Enquirer: 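I am attaching a structure below and will ask some questions about it afterwards.
To find a chain, count down the sequence lines: A is the first, B the second, and so on, and within it residues start at 1. Fair warning: this is a prediction, and the values are worked out from it, not measured in the lab.
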Number of protein chains: 2
Amino acid sequence: MNIGEIAKRAGVSRSTVSYALSGKRSVSEETRRKIQRVIDELGYRPNASARALANGRTSTLGLVFPPAGNHYTGMQLDFIGSVVEAAAAYDYDVLLSPSGMDSDRSFQRLLAERRVDGAILMEIRLQDDRVDHLVAENFPAVCIGRTARSDDDWWVGLDHTALAAACVHHLADLGHRRIAFVNRPEHLLRAGYESAHRGLDGFTKAAAERGLTVRTYCCGDDAPSGQACMERILHDDPATTALVTLNEAALGGIYRGLAAAGRHVPRDFSVTGVVAARWAETVTPQLTAADVPAEQMGRLAVELLVERLDHPDAAPRHHLLAPPISLRASTGPAHPGTAA
Amino acid sequence: MNIGEIAKRAGVSRSTVSYALSGKRSVSEETRRKIQRVIDELGYRPNASARALANGRTSTLGLVFPPAGNHYTGMQLDFIGSVVEAAAAYDYDVLLSPSGMDSDRSFQRLLAERRVDGAILMEIRLQDDRVDHLVAENFPAVCIGRTARSDDDWWVGLDHTALAAACVHHLADLGHRRIAFVNRPEHLLRAGYESAHRGLDGFTKAAAERGLTVRTYCCGDDAPSGQACMERILHDDPATTALVTLNEAALGGIYRGLAAAGRHVPRDFSVTGVVAARWAETVTPQLTAADVPAEQMGRLAVELLVERLDHPDAAPRHHLLAPPISLRASTGPAHPGTAA
DNA sequence: CTCCTTCGTCGAACCGGTTCGAGGGCGAGC
DNA sequence: GCTCGCCCTCGAACCGGTTCGACGAAGGAG
């Protein structure tokens, strides 16, 4: 039942049981065995709440992500999985908190009620009140993504600017001159989501550098939106021969839109973007893309957070990742007849 | 800081502050306002661990799912999202526990250390030690899926037998005579996962009823495995004209395998199965399938669990769902020339 | 033989809430 | 005017651990 019960049955005091379990003071071998036997018999495990209250640590990490109203993307899901696994390796549990908006109830619960020792934030915005709030309180947190001013903060991020630019250069090298950009949904762009902004930035600058003609689009996070977006692209400029996308969930729809328009990938039209490998391999032809290393990022985020928890005064650290483009089957040279 | 600090500044006792917050005893309007002002000034929120210790409830639900080593399927991910959202509506947090195996460390933590008030289990096996254990302890839990003996238990499940059978009948009605079944990976089947078993059962019985020639396959949870499996199917019996699958993650590979073999869907080959709508819509042509209502199931699981927590002696309840087949574009009449 | 350590154990206080029983103040009823 | 009862409020105990200071016994040094 509780530690007092164990103590009574072992004929020792509560504190001795506690020391036997924690090893923070020496306990005679004989006493330790006596206690251990009682514990094994009763299947005793110390109560987590009591322990958390006494030593001020909950052994739980918070994972803060936007509410699922708009479905999760595969990338977000991969993050969740890898964070949970990595946390388990450090003996931390993970508490999920669907808190997109600033200072909402769920977020407050996590922090102010001290349910978690630290937090990992997903879907960061360039100006993010949640992050500002955490930084101001010096609360141990690590972001997956980074805000506009991120030098003195803890995060693991993708270099979306460089990745989008790499996609543009890849297409330009293949001879494409008129390309489109399919971004995340418009409300996310307006809200300032960093991947949407930096990706768009990288795309636009690289395209200007290479003198390409571009159009940029926002697209809902689902297949039907992807198809509609593809139709719009071909309607707006039928001479478009390639696109770059950050929108994983729209990918299936984009492919369908191309098929419906009679464009063969990659002969008539090239598609590339920033997408986790397992999703890039789902479509046919498989997508040439900068593979988002979601698992690695989740693991790194946990490692950083654990380090920050163990060394409260450590200097901020971060990892900026820029995976190379994996050449698969969705891009090819611009068709001479099609190029404008 | 803590309730004592609030009490001191408001000039009352700690118990009065507690009652003012909980409303379990009446507090004069004046005192209440005084306390509230101090709380607002200091931004006080009661410590969750202390509260949990005192009243024996953590306001947290555990979500037990298999470790991500084998990646999550879209369905699992939809469950996680909907469970978290539904739980938030009832003021519960959700603690994730990656515990596929019986009685492993993470599972023990949740239960024995009383980190959660109740648990939701995913990926149930026909004989499931975890479930037996929970039932034996009368621990408040709800399964997404059901064991072999499930009458006196709490669960939300899909009628996989009926769904697989419905798929078979749909194909038989279209004139298909030689069909295949693509199941979840073999190790899951061997481990006794209920969806794999019941789905296979329903498929086999319905096919026998209709006098169809069948082959059944296990297939890894990813696109490359799906493609390999498709190749095997066409190699083993080139006259196969349709298949039924429970394996969402393999779907993209199955389509690719068909394309590689020059089989057009649905003209030359029909594909159907049990898949969440948003994934069925991702492939081209869109999949005719029994749409797994993942969101509804997650919500129902939380509702059942909350009810069980509120009424510890309530009789077991469950929901068996059998969504109809949504006709999309991946099935068609057996081609006269192709049918054996 | 005495003094001083060291080792093992214990009791008590504490973490920050909740809850119970008791008691003070005040108005109503007789 | 006294008593009864109600409304508020308070102090103390409790939830189940951890941790600190103290203390008795055993052992080594002088």
Side-chain angles (χ1 to χ4, degrees), chain A residues 1-39 42-60 91 93 108-117, chain B residues 1-39 42-60 91 93 108-117:
Chain A
M1 204 60 135
N2 61 27
I3 202 174
E5 186 67 22
I6 303 296
K8 201 191 305 173
R9 302 211 188 192
V12 299
S13 73
R14 303 197 306 150
S15 51
T16 301
V17 175
S18 179
Y19 286 125
L21 280 154
S22 70
K24 295 193 179 173
R25 279 196 191 175
S26 56
V27 171
S28 74
E29 189 52 34
E30 186 195 340
T31 307
R32 184 193 313 283
R33 265 203 307 273
K34 218 164 40 185
I35 292 173
Q36 192 57 51
R37 214 184 41 234
V38 175
I39 285 179
L42 273 64
Y44 164 80
R45 310 254 348 216
N47 178 299
S49 302
R51 172 140 44 186
L53 176 58
N55 64 19
R57 297 171 22 100
T58 60
S59 293
T60 303
D91 269 328
D93 285 325
Q108 286 303 314
R109 277 172 69 128
L110 280 203
L111 305 194
E113 300 184 5
R114 312 226 96 83
R115 275 173 204 272
V116 299
D117 296 334
Chain B
M1 204 63 133
N2 61 29
I3 202 174
E5 187 66 24
I6 302 296
K8 202 192 303 172
R9 301 211 188 190
V12 299
S13 73
R14 303 197 306 150
S15 51
T16 301
V17 175
S18 179
Y19 287 124
L21 280 155
S22 70
K24 294 192 179 175
R25 278 195 191 177
S26 55
V27 171
S28 74
E29 189 51 35
E30 187 195 339
T31 306
R32 184 194 314 281
R33 266 203 307 272
K34 217 164 39 185
I35 292 172
Q36 192 58 52
R37 214 184 41 232
V38 176
I39 286 179
L42 273 65
Y44 164 80
R45 310 259 342 220
N47 179 299
S49 301
R51 204 204 300 251
L53 177 57
N55 63 21
R57 298 171 22 101
T58 60
S59 294
T60 302
D91 268 328
D93 285 325
Q108 287 303 315
R109 278 173 68 126
L110 280 203
L111 305 194
E113 299 184 4
R114 314 226 93 84
R115 275 171 205 273
V116 300
D117 296 335

Enquirer: To the nearest 0.5 Å, tell me how far B:E113 CD sits from B:T58 OG1.
Expert: 12.5 Å
Enquirer: Looking only at non-hydrogen atoms, find the nearest pair between B:S59 and B:D117 and report the distance.
Expert: N-OD2, 2.8 Å
Enquirer: Does A:N2 put a side-chain nitrogen or oxygen below 4.0 Å from OP1 or OP2 of D:dG16?
Expert: yes
Enquirer: Looking at A:R109 and B:D91, would you say the former's side chain and the latter's main chain have a donor-acceptor pair under 3.5 Å?
Expert: yes
Enquirer: Does a side-chain N or O of A:K24 approach OP1 or OP2 of D:dT19 to a distance below 4.0 Å, or not?
Expert: yes
Enquirer: If I take atom CZ in residue A:R33 and atom P in nucleotide C:dG8, what distance separates them, rounded to the nearest angstrom?
Expert: 13 Å
Enquirer: Could you work out how much the helix from C:dC1-D:dG30 to C:dC30-D:dG1 bends, comparing the axis of its first five pairs with that of its last five, to 10°?
Expert: 60°
Enquirer: Nearest-Å distance, CG (B:N55) to P (D:dC15)?
Expert: 13 Å
Enquirer: Say you draw a straight line from CZ of B:R45 to CZ of A:R114; how long is it, rounded to the nearest 0.5 Å?
Expert: 12.0 Å
Enquirer: Can you see which heavy atom on A:V17 is nearest to which on A:I35, and at what distance?
Expert: CA-CD1, 3.9 Å
Enquirer: CZ of A:R51 versus P of D:dT19: gap in Å, rounded?
Expert: 10 Å
Enquirer: Can you give me the N/O atom pairs linking the protein to nucleotides 9-11 of chain C at distances under 3.5 Å, or say none if there are none?
Expert:
residue: C:dT9; atom: OP1; partner: A:S28; partner atom: OG; Å: 2.9
residue: C:dT9; atom: OP1; partner: A:T31; partner atom: OG1; Å: 2.1
residue: C:dT9; atom: OP2; partner: A:S28; partner atom: N; Å: 2.9
residue: C:dT9; atom: O4; partner: A:R25; partner atom: NH1; Å: 3.0
residue: C:dC10; atom: OP2; partner: A:S13; partner atom: N; Å: 2.8
residue: C:dC10; atom: OP2; partner: A:S13; partner atom: OG; Å: 3.2
residue: C:dC10; atom: OP2; partner: A:T16; partner atom: OG1; Å: 2.6
residue: C:dG11; atom: O6; partner: A:S15; partner atom: OG; Å: 3.1

Enquirer: Assess whether side chain to side chain contact (heavy atoms under 4.5 Å, CB included) is satisfied between B:V12 and B:Y19, documenting all intermediate values.
Expert: CA-CA 11 Å; B:V12 299; B:Y19 287 124; over 6 Å; no
Enquirer: Can you tell me the distance, in whole Å, between the CD atom of A:E113 and the P atom of C:dG17?
Expert: 10 Å
Enquirer: What pair of heavy atoms forms the shortest contact from A:N47 to A:S49, and how long is it?
Expert: OD1-N, 2.7 Å
Enquirer: Please name the pair of heavy atoms, one in A:M1 and one in A:L42, separated by the smallest distance, quoted to 0.1 Å.
Expert: N-CD2, 4.2 Å
Enquirer: In whole angstroms, how far is the P atom of D:dG16 from the CG atom of A:L53?
Expert: 12 Å
Enquirer: B:K34 has an atom NZ; how far is it from atom P of D:dC8, in whole Å?
Expert: 14 Å
Enquirer: Take the protein atom CD1 of A:I39 and the nucleotide atom P of D:dG17, then report the distance between them rounded to whole Å.
Expert: 10 Å
Enquirer: Would you kindly give the CD1-to-C1' distance between B:I35 and D:dT9, to the nearest whole Å?
Expert: 10 Å
Enquirer: Could you walk me through whether B:E29 and B:R32 pass the salt bridge (charged side-chain N to carboxylate O under 4.0 Å, His left out) check?
Expert: CA-CA 5 Å; B:E29 189 51 35; B:R32 184 194 314 281; 3.7 Å; yes
